[in-house]
Amino acid sequence: MLQCIFLLSDSGEVMVEKQMTAHRVDRAICGWFWDYVVAHAAGDPSKVVVSPTHYLFQIYRNGVTFLACTQVEMPPLMAIEFLSRVADVLTDYLGDLNEDIVKDNFVIVYQILDEMVDNGFPLTTEPNILKEMVAPPNIVNKMMNVVTGKSTTLGSKLPDATASFVPWRTTVVKDASNEVYVNIVEELDACINREGSLVKCEAYGEIQVNCSLPGVPELTMSFANPAIINDFTFHPCVRFRPWESNQILSFVPPDGQFKLMSYRVKKLKKTPIYVKPQLTSDSGNCRVNVMVGTRNDPGKPIDSITVQFQLPPLIVSADLTANYGTVDILADKTCLWTIGHIPKDKAPCLTGNLRLEEGLAHLHTLPTFQVKFRIMGVALSGLQIDKLEVKNTPSAPYKGFRAQTQAGKYEIRS
Amino acid sequence: MAPTVPTAAKSASPSQPSGKSEVADLKQQLRQLAGSRAPDADDQRRDVFKRVISCMTAGIDVSAAFGEMVLCSATSDVVTKKMCYLYVGAHARAHPDLALLTINFLQRDCRDQDPTIRGLALRSLCSLRVPNLVEYLVTPLTTGLKDPSAYVRMIAAVGAAKLYHISATACLDADLPASLKALMLSDPDAQVVANCLHALQEIWTLEAANSEAAAREIETLYSKPVVFYLLNRIKEFSEWAQCTILELASKFLPSDNNEIFDIMNLLEDRLQHANGAVVLATIKVFLHLTMSMTDVHQQVYERLKAPLLTLVGAGSPEQSYSVLCHLHLLVLRAPMLFSSDYKSFYCQYSEPSYVKKLKLEMLTAIANESNTYEIVTELCEYAGNVDVPIARESIRAVGKIALQQYDVNAIVDRLLQFLEMDKDYVTAETLVLVKDLLRKYPQWSHDCIAVVGNISSKNIQEPKGKAALIWMLGEYSQDMHDAPYILEGLVENWDEENSPEVRLHLLTAVMKCFFKRPPETQKALGATLAAGISDTHQDVHDRALFYYRLLQYDPSVAERVVNPPKQAVSVFADTQSSEMKDRIFDEFNSLSVVYQKPSYMFTDKEHRGPFEYSEDLTNLTVGAEDPENVISAQRYQENDNDLLLSTSDKEDSGTRASNGSSTSSYNAPSDLISSQPLVETTPMNAGGPTSSSLSNFSLDDLLGLGVTESPAPLPPPALTLNSKPVLDPGTFQRKWGQLALSLTQECSLSPQGAASLMNPQSLVRHMQSCSIQCIASGGQPPNYKFFFYAQKDGDTAFFLVECIINTASAKAQLKLKADDGTASEAFSTLFQSALSKFGHL
């Protein structure tokens, strides 16, 4: 059970303090935590930290640190998942999450936290229900404030969904535009060794649904090739039995945007892009040559390609140029090559020379190249939605499908 | 520690006012607003409240405005109300008298028509936490528990727990726990049920220390009807409440296998939940349920793999690290089950180093015949990593895999390639490994020596690497052509060698070399002994002197001591005991896993989770009689340090022991003696059980033995025990760490005794009647563990006993430690007779 939650700004300032149990956590802990972070975890704030008095859980989102303290043994994931949920709900409520937004809306933040957790135990975390208890600060509200000089950030009546059997959905959804959008987003993690062979390649996918349907709709979705999925997690709305017997997703969706399912596909064989680095060092100089090109054409254009690598520590100067795109050497000695999309007429190539430090003939530590890219319109794992049926709605809704693949940890060793 | 909120810098922003004048100004405005009936008074009030709250958040002391805030609190605006509640909740404790003023409007709000207001008011009322206002709390809570709105009931349930913290008697007198229990078993709203469960767990856990009835109530929570009732409804609950219920279920003891399978079938889909907390709680249930069924337990592991690996890969870095820690624990427990998933543990360049470290350990653990080649290839790639600590770790990992036996041939080649990489830290790490390898596989000496011989000792800066190289030079001086000359060169630079470890090794190596190649080494030996004897470091000095005298006494004896024929080491001492790992495993899905320590090593007993009562008694959870409930922060920090110290020391002594065991067959005496001064020079921390106590240990043991063998042991009946000894848990823990084991014994319990152990407290009381006090107890059927202590009447000497009872076999294992070893035999007899009487009453 959590004893206290703090929201800290980028400079370690306390923006929100929420005490939850009889034991009052002194806010000096934040000062201690901040000093610790500054001293030990520069650039790496996601560490387990034991303070002299409390166990701390922290997550870091857009410059806001969510810090929870406890003195009690508790499941660590419960705390971390809960903090992530708080961050998600706040983002949902406030449109975005950053220091200024939190400061401007701290009254709402307090109200939300009040409903989300009581006496250290998470209570209501479904955004749909929260929104009925604490009204989000929308433009209409703001307008009303200005025009009438009055505002209500609180719903006048209590949500009845706390007792409902579909806690993620309010019983009456009004103003529904009768549409449902399904978006498959995949991240490709790959690791390619210096011989150019694939060490491992996995895809993590999410199916995001944006649903705006009236009443209590019943949705069923099936895949053309469910067998490729290695493991999956579902939103609580998904019924388990139909999936187990027929691999069909059957659910009553929440209103609005939500993550229906996430899945993992192991042992992929094909990567959409190749990066061939060559580094040859000789008598104090190191020749660099990096080629990039498409492979196993995914059928859709690849864009937003960047290649990034850390320059080895023992070099005096670097002189790198590319025949396509721009090359920047950033302050932390990272070389960032922004390619965008691959042109038809030539293969992008980065060439140049690294001067090694005096007395060093060969380069011993070779950099790892991190590649980013995005492909719209295709899920590289090959997962395909077969059909989506919507029942229980007054008229046939509009259904939209999209897919997208981007690079996650896509690394090439040299 | 002062709050380090940079208020000054923020004063420019209107929402971040600072300073005293601001507070005075706010007070002024509030006073004006208090009686105002102006049409816009509500809005103004809201603005001022907002500023007060923002001051409060910024860390400015706004408690001075308490009276004014209360005066202004009569408002119909809900947001203003909420802000007012927040303020009052934060400051009421400091102003108990003024807080009385707020009671009125809160009580009125508790009767409001709108359930939201009723709920909010009740929540705030319970959050005031002012002891002398308790009388006003009971009635709203009792009515709140019966409220038609689920929202209010849910708040009232938590309110009951809050009331218990303010005044336990008020809560119990109003019979709130009984109402909570009734509500928990009947309420249609899942969240109300969950909150009742939370509240009951909290109340009864704390109450259990004082009353047996509460202890029984806790047991009913873990009983079949309650657990099954909750599990059957589990899908109605919110994900967080599901976690609590799953935790409860993991404590449940099914009576037969059918129950186990029922529960597992019911919960299987929870493994697919999007919330990692639910997944891990489910995993805990599965693991605990199947503990006794080995084959099912293995299937469970197989079933868990995919969800865990997915959680690691998805989620934020924070989530994935916590999951990885749990996975790490499971992998180390059952490496063979994960051996085909080795690719999942490959490190990615962009991962933070603490993730890589865990992954390396897992890769090491799961290496077997089928995957060693791939894993070692992968690890070798990391050796050239930019991240030096990870490069080191990977080299060590390669070494560990080599020591695990598989495919040594190829690995030795790889290790030797590392030596050619010509990076100082790689070379140093590799040398240490090659040394260990040679100790285990002397047959590789030929290949290794050839390569090692080419390394210039000048290029190695790190003491550990240098020491390893010197050890090899000494050990294989007959095979290495120029070993004596290299050693001689090293001896010449004796004064520049900063590390005593290296100097010690140098001494021994030169000695060894001397016995193998006397003519070439004689000169160097003289120089070494001279340099060693005049060394300022005590250990070096002593060892040099010892060698010198040994040589003087008889060179052939010296040779037998320094250079005996040696046996290969079969097993290296492990750093973390398997008992420790088991205990961490018992605490699956808790902080222990993340910290990689069992909870008693870092959590204060006062702050154990609500479920810990019947859980793990080995933790020295403290029994009812402990008077001291508040332990200052400093104190447990100290405790923590002690523990850290002791573990690191243990590690040291572990490696030392491994050295000892490896060397025992060839130069045991020298090692024994040389380690003696080491022990003496380690700083004697008052608190930490340093290695000195460990060495006393063996001495004590020897002494103790001598005494028991002596013809006149104390006659047993002479021992009487102090009926009211006093020993606090801290001292107990320290004593337990320091004292040597004076007796271990196994005895049996009467069947009635074993049966009465269903309630461990009864044994505690029984032993108390025999003047033996319990300081900590715990365990789950059939295994219980107790820590007892007793004091000799009219003496300060204590007896400490660890007693592990298995109710199934009705056997008890005793470990006895005593300040006064002579009486331990007598005490043991007394203890056993007391134990055997248990259950007969």
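Throughout, a chain's letter reflects where its sequence line sits, starting with A, and its residues are numbered from 1.
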S.K.: For A:E115 and B:Y151: C-alpha separation, side-chain torsions, deciding distance, then whether side-chain contact (heavy atoms from CB on, under 4.5 Å) applies.
M.R.: CA-CA 10 Å; A:E115 297 298 339; B:Y151 183 73; 2.7 Å; yes

S.K.: Could you check if a side-chain atom of A:V199 sits within less than 4.5 angstrom of a side-chain atom of B:Y346, using non-hydrogen atoms only?
M.R.: yes

S.K.: Report the distance from atom CD of B:E378 to atom SG of A:C191, rounding to the nearest 0.5 Å.
M.R.: 6.0 Å

S.K.: Is it the side chain or the backbone of A:E411 that comes within 4.5 Å of chain B heavy atoms, both, or neither?
M.R.: side chain

S.K.: side-chain contact (heavy atoms from CB on, under 4.5 Å) with B:S322: which residues, sequence neighbours excluded?
M.R.: A:L77, A:I80

S.K.: Sort B:D187 into side chain, backbone, both or neither according to what part of it lies under 4.5 angstrom from a heavy atom of chain A.
M.R.: neither

S.K.: Report which part of A:K266 has an atom under 4.5 Å of a heavy atom belonging to chain B: side chain, backbone, both, or neither.
M.R.: side chain

S.K.: What part of B:E374 lies closer than 4.5 angstrom to a heavy atom of chain A: side chain, backbone, both or neither?
M.R.: neither

S.K.: Charged N to carboxylate O below 4.0 Å: is that the case for B:D269 and A:R239?
M.R.: no

S.K.: Answer whether the closest heavy-atom distance between the side chains of A:L123 and B:M154 falls below 4.5 Å.
M.R.: yes

S.K.: Within a strict 4.5 Å, meaning less than it, do heavy atoms of the A:F240 and B:R270 side chains meet?
M.R.: no

S.K.: So A:D118 and B:H198, do their side chains get closer than 4.5 Å, heavy atoms only?
M.R.: no

S.K.: Non-hydrogen atoms of chain B under 4.5 Å away: do they reach the side chain of A:F82, the backbone, both or neither?
M.R.: both

S.K.: Looking at A:N230, A:V16, A:D114, which makes the most heavy-atom pairs under 4.5 Å with chain B?
M.R.: A:D114

S.K.: So A:F232 and B:T310, do their side chains get closer than 4.5 Å, heavy atoms only?
M.R.: no

S.K.: Does some side-chain heavy atom of B:N275 sit less than 4.5 Å from a side-chain heavy atom of A:R85?
M.R.: yes

S.K.: Looking only at heavy atoms, which two atoms of A:E81 and B:G276 are closest? And how far apart?
M.R.: OE2-N, 2.8 Å

S.K.: Suppose we screen for side-chain hydrogen bond (donor to acceptor under 3.5 Å, both in side chains). Which residues come up paired with B:Y87, at least two apart in sequence or across chains?
M.R.: none

S.K.: Taking the side chain as every heavy atom from C-beta outward, state whether B:M83 and A:Y110 have any atom pair closer than 4.5 Å.
M.R.: no

S.K.: Which region of A:F234, side chain (C-beta onward) or backbone (N, CA, C, O), has a non-hydrogen atom less than 4.5 Å from a non-hydrogen atom of chain B, or is it both or neither?
M.R.: both

S.K.: Contact part of A:A203 toward chain B, heavy-atom cut-off under 4.5 Å: side chain, backbone, both or neither?
M.R.: neither

S.K.: Out of A:M261, A:K200, A:E206, return the one with the most heavy atom pairs under 4.5 angstrom to chain B.
M.R.: A:K200

S.K.: Would you say A:F121 and B:W240 make side-chain contact, with heavy atoms under 4.5 Å?
M.R.: no

S.K.: Among A:E187, A:Q370, A:R413, which has the most heavy-atom pairs under 4.5 Å with chain B?
M.R.: A:R413

S.K.: What distance separates A:R264 CZ from B:L311 CG, expressed to the nearest 0.5 Å?
M.R.: 9.5 Å

S.K.: Looking only at side chains, do A:D231 and B:Q272 share a donor and an acceptor under 3.5 Å apart?
M.R.: yes

S.K.: As a quick check of understanding, evaluate side-chain contact (heavy atoms from CB on, under 4.5 Å) for B:K50 and A:V107, giving each step before the final call.
M.R.: CA-CA 7 Å; B:K50 216 169 157 174; A:V107 175; 3.6 Å; yes

S.K.: Can you say whether B:I166 sits under 4.5 Å from chain A via the side chain, the backbone, both, or neither, judging by heavy atoms?
M.R.: neither

S.K.: What residue in B:P307, B:C243, B:S238, B:S344 has the most heavy-atom pairs under 4.5 Å with chain A?
M.R.: B:P307

S.K.: Given that the side chain runs from C-beta out, which part of B:L86 has a heavy atom under 4.5 Å from chain A: side chain, backbone, both or neither?
M.R.: side chain

S.K.: Counting heavy-atom pairs under 4.5 Å with chain B, which one of A:P122, A:A79, A:S84, A:S262 comes out on top?
M.R.: A:P122

